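Report on one structure; see the data block that follows.
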Protein chains: 2
Amino acid sequence: AAGRGGDMAAWARAVRGLLLDVSGVLYDSGGDGGGAPIAGSVEAVRRIKASGLKLRFCTNETQATREKFVKKLQGMGFDISVAEVTAPAPAACRILKERSLRPHLLVHEDLVPEFAEIDKANPNCVVIGDAAENFTYANLNEAFRVLIGMEKPVLISLGRGRYYKETDGLKLDVGAYMKALEYACDVQAEVVGKPAKMFFESALAEMGVPPQQAIMIGDDIENDVGGAQRCGMRALQVRTGKYR
Amino acid sequence: AAGRGGDMAAWARAVRGLLLDVSGVLYDSGGDGGGAPIAGSVEAVRRIKASGLKLRFCTNETQATREKFVKKLQGMGFDISVAEVTAPAPAACRILKERSLRPHLLVHEDLVPEFAEIDKANPNCVVIGDAAENFTYANLNEAFRVLIGMEKPVLISLGRGRYYKETDGLKLDVGAYMKALEYACDVQAEVVGKPAKMFFESALAEMGVPPQQAIMIGDDIENDVGGAQRCGMRALQVRTGKYR
């Protein structure tokens, strides 16, 4: 991890902005809302900020509101604020408003407050996030029935990750359940979050840095590295987190 | 349904063997092991048998052993015996034995006895069926971890249905959960049951009827109709069951 901090300092001389994945890079999450920082990462964030680089936390985390997520990381010692976080739920809310979509939510209960201002009556789409324990047989059937009952099903997925690592082991991520609904309803989900191009672009815009001068650092070869590269950024895969 | 019986009689003059789907064709299943016969279907089975046609029940049912399944149908008045049923679990057991595979089972608890004689210690594959209430978050994660821990994951799926109708509504079928595991582990499942060619072929062999002289009747356009047609059989989709 100290080596990783050193690598970051080397990159830093060439670039102006850094996008950092969080889960699996800065900490290993725990299903109960806990988790543990990866050794050296608190110090790495401090050094990046001290270097003058623009920094943005670019996460597909959907098990909590940004507020709660940031509070947890601050509790582990990270220098992070809500304004520095790019996350799928707010991006989804913008889309829902633009297209007058009223979602049926299949998400973690701690994420629900992010959708507080969205009309959810008489749903005309389904939004799926990493619902974790809310991925029950009953809830999956319910989301399926909402979709299959639509003339043209609209499924919005907060990320498309395959799996991730928690302190007690690997867990299926939202992408697996997204695929289940896609197959059952013969639809293709619209992915909000990494690796969607628009998601990286909005993070870059928030930093005011063009893709050529930014680097994405993550543990997921598809969602972090592949997604960033398709936006014209360079990307670095760390061998923590789910790396196998 | 009386009309359907009439249609069947018309086909009967041209063919020697009939493959009948069960759920959605003869009865609408109920999640609690119950269900209700579709009007006229008890009489239709009786007429088919009286006509001298060879008959085989060709089902992807994996929520119960064949014994329990047949007992339920007999209780509804159907003339059916275990020896007349072609189902995925016994077909899977043959494959497991042939290839010395030891399964981790993600199936309905009432199906487990079908695997009584199969070695399940130290699993080197995952068998997924329509586990229904057993499709919990914990059980899906467990099956995923078994698969992802293998050098070359082997996933055997008892059918690949998208959804089916129970008396209390539509339910996600095994195919949706199969897709979730396929995506998470980047593997392709081996499907046992409809629409696998080998499954129809073994049903035909059990009747001693070539595909050109047999008809498949089902409510699923892919698993029943498409699968049978790829085997050289004719097929008929009934508009009961999940037909929309």
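Here is the naming used below: chain letters follow the sequence lines, and residue numbers restart at 1 for every chain. Predicted model only: the values in this text are computed from it and were never measured. Computation of the quantities below employed the complete heavy-atom set of this structure, encompassing side-chain atoms and omitting hydrogens, waters and symmetry-equivalent molecules.
Proximity to chain A involves both the backbone and the side chain of B:Asp186, based on heavy atoms less than 4.5 angstrom apart. In this structure, chain A has heavy atoms under 4.5 Å from both the backbone and the side chain of B:Ala132. With a 4.5 angstrom heavy-atom cutoff, B:Phe135 touches chain A via backbone and side-chain atoms both.
Between the side chain of B:Asn141 and the backbone N or O of A:Leu170 there is no donor-acceptor pair closer than 3.5 Å. A donor-acceptor contact shorter than 3.5 Å links the side chain of B:Arg162 to the backbone of A:Tyr183.
With chain B as partner, the option from A:Thr136, A:Leu140, A:Asn134 having the largest number of non-hydrogen pairs under 4.5 angstrom is A:Leu140. Most heavy-atom pairs under 4.5 Å with chain B, from the set A:Ala131, A:Gly169, A:Cys185, A:Ala184: that is A:Ala184. Options A:Glu142, A:Met178, A:Arg160, A:Glu182 differ in how many heavy-atom pairs under 4.5 Å they form with chain B, and the most are formed by A:Arg160.
In this structure, CZ in A:Phe144 is found 9.5 Å from CG in B:Asp173, a value given to the nearest 0.5 Å. Atoms NZ and CG, from A:Lys179 and B:Leu181 in turn, are 14.0 Å apart once rounded to the nearest 0.5 Å.
The number of heavy atoms from other shown groups lying within 6.0 Å of NZ (A:Lys197) does not exceed 12.
Smallest separation of non-hydrogen atoms from A:Ala180 and B:Ala176: CB-O, 3.2 Å.
In this view, A:Glu61 satisfies the salt bridge (charged side-chain N to carboxylate O under 4.0 Å, His left out) rule with no residue, not counting sequence neighbours.
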